[in-house]
Amino acid sequence: MNIPELRNKIDHIDDSILSLLVQRMEFVEGIGKLKRESNSVIYHPDREKEIIDRLANQYTGKLKKEAIEAIFLEIFGVSRNLELPEIICYLGPEGSFTHQAAENRFGAVADYISLPSIKSVFESVETGRAKYGVVPIENNQEGMVKETMDLLNEKNLFVISEIIIPVNFCLASKHNGIQGIKRIYSKDIAFQQCKGFLNDYFSGQEEDFFVQVDSTSRAAKLAVEEEDGAALCSHIAAKIYSLPILFDNIQDNDANQTRFFIISKVENLKKTDKDKTSLAVKLKNDDKPGALLSLLQDFETRGINLLKIESRPQKDTNEFKFWFFIDIEGNKLDQKIQELLTKRGDEIVFLGSYMNLC
């Protein structure tokens with residue numbers, strides 16, 4: 001079979017795919033109408049995971065699960081936008097890794113707002129200017145994001161999902177080879193995390209060859225304006241500015257990952273086979289020996305697995321007191337977690353239950 005014949009078969013398949021997508025969206029529109037009438041939550045990550053897992057367990061040919069997930073996350077994003085167009089805000093700038101995390105979960109067609117601070121994301125969701133917010137909570141190399149933890153404790157918002165993405169950098173440039181590159185733009189942390197690549201390919205360059213800017217998105221914007229410029233940036237920043245990628249995944253540490261939270265004014269409780277719950281705990285008798293041990297024993301006696309505990313200073317007192325950010329296995333709907341919340345309800349603030357992706 002020759003190339004024109006193969007392309008003709010592909011065209012017929014594409015026509016069938018489009019026809020099926022149109023049918024799918026008609027059903028989606030019907031579901032959206034019912035959800036609006038009952039004021040139901042549109043975003044259900046558990047349902048999306050269920051669909052992807054079901055499809056991945058079928059015969060998929062040369063398609064890996066990651067490819068199926070990437071395709072269907074875009075379909076889900078279009079579907080949600082059809083059910084009920086909703087604004088998603090994220091910690092900017094545009095092209096940041098938080099933007100990439102948001103697109104990874106909500107798709108490219110969603111209505112996004114880039115905001116300058118984590119606090120502004122929380123306030124935008126709190127006031128209803130945005131339906132959902134995407135903020136970083138943890139990097140597996142650098143630890144927890146303190147501002148996000150503090151705002152979760154202070155604001156009456158809920159974590160409804162987590163997103164985990166690898167921190168991958170690329171070298172992007174309009175120039176078709178490294179020989180013609182005269183300067184590389186990027187943020188200081190990107191230069192630090194790509195030292196090995198830079199030493200291998202750009203050793204001996206003058207100090208002004210590497211230009212620090214305030215974000216990798218800004219680096220991509222500057223690089224696209226110069227024929228001999230380049231940027232160390234995220235994939236999404238290169239895509240936004242139509243900057244060709246010369247080298248991909250050039251970071252020194254391939255294990256570097258960042259965890260993000262999706263926050264909302266409304267709880268989105270639904271049990272799955274692998275859940276996580278986040279809590280803020282302020283112990284009443286923290287000045288007495290064994291106060292923390294007593295809390296930990298309450299977890300142990302109920303068979304609740306503790307995944308993370310981080311202390312943070314209490315900002316509503318002039319004393320040197322602390323509260324704890326805690327991740328546990330399970331869902332708020334579980335009886336053992338209900339028992340814990342009942343026993344220590346005046347000490348625990350429920351922050352959210354969501355699928356555990358770690």
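- The aromatic rings of F325 and F261 sit tilted relative to each other, their planes meeting at an angle between 30° and 60°.
- Remark: K9 engages M1 in a side-chain contact (heavy atoms from CB on, under 4.5 Å) (not counting sequence neighbours).
- Taking the charged nitrogens against the carboxylate oxygens, K282 and E347 have no contact shorter than 4.0 Å, which rules out a salt bridge.
- Side-chain atoms of S234 come within 3.5 Å of backbone N or O of G95 as a donor-acceptor pair.
- Applying the salt bridge (charged side-chain N to carboxylate O under 4.0 Å, His left out) test to pairs two or more places apart or on separate chains, those with a residue in residues 253-263 are E138-R259, E162-R259, R259-D327.
- A donor-acceptor contact closer than 3.5 angstrom is absent between the side chains of Q257 and N139.
- For the residue pair M149 and W323, the shortest heavy atom distance occurs at O-CH2, 3.4 Å.
- The pair K195-D252 does not count as a salt bridge, with every side-chain nitrogen at least 4.0 angstrom from each carboxylate oxygen.
- Expressed to the nearest 0.5 Å, how far CZ of F299 lies from OG of S294 amounts to 10.5 Å.
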If you look only at distance, which donor and acceptor atoms sit under 3.5 Å apart when one is on a side chain in residues 110-125 and the other is two or more places apart or in another chain?
residue: Y112; atom: OH; partner: A102; partner atom: O; Å: 3.3
residue: Y112; atom: OH; partner: G107; partner atom: O; Å: 2.5
residue: S117; atom: OG; partner: S120; partner atom: N; Å: 3.0
residue: S117; atom: OG; partner: S120; partner atom: OG; Å: 3.1
residue: S120; atom: OG; partner: S117; partner atom: N; Å: 3.1
residue: S120; atom: OG; partner: S117; partner atom: O; Å: 2.6

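- Closest approach of I337 to N331, counting heavy atoms only: CD1-O, 3.2 Å.
- Residues D248 and C170 approach most closely at OD1-CB, 3.9 Å, considering heavy atoms.
- Side-chain contact check for S161 and R105: no donor-acceptor pair (N or O, by modelled atom type) lies under 3.5 Å.
- Side chains of Q193 and N256: a donor-acceptor N/O pair is present below 3.5 angstrom, by distance only.
- Aromatic pair F106/F76: ring centres not closer than 6.0 Å.
- Sorted by first then second residue, the side chain to side chain donor-acceptor pair (under 3.5 Å) pairs that include residues 64-74, not counting sequence neighbours, are D53-K65.
- Each side chain to side chain donor-acceptor pair (under 3.5 Å) pair with one or both residues in residues 238-247, not counting sequence neighbours, appears once here: E103-K239.
- Taking a cutoff of 4.0 Å between a charged side-chain nitrogen and a carboxylate oxygen, K336 and E339 do not qualify as a salt bridge.
- With respect to R7 and D11, no salt bridge is recorded, no charged nitrogen being found less than 4.0 Å from a carboxylate O.
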Atom pairs and distances, side-chain donor-acceptor, residues 179-189, under 3.5 Å, sequence neighbours left out:
residue: R183; atom: NH1; partner: E226; partner atom: OE1; Å: 2.9
residue: Y185; atom: OH; partner: E226; partner atom: OE1; Å: 3.4
residue: Y185; atom: OH; partner: E226; partner atom: OE2; Å: 2.4
residue: S186; atom: OG; partner: L232; partner atom: O; Å: 2.7
residue: K187; atom: NZ; partner: D214; partner atom: O; Å: 3.4

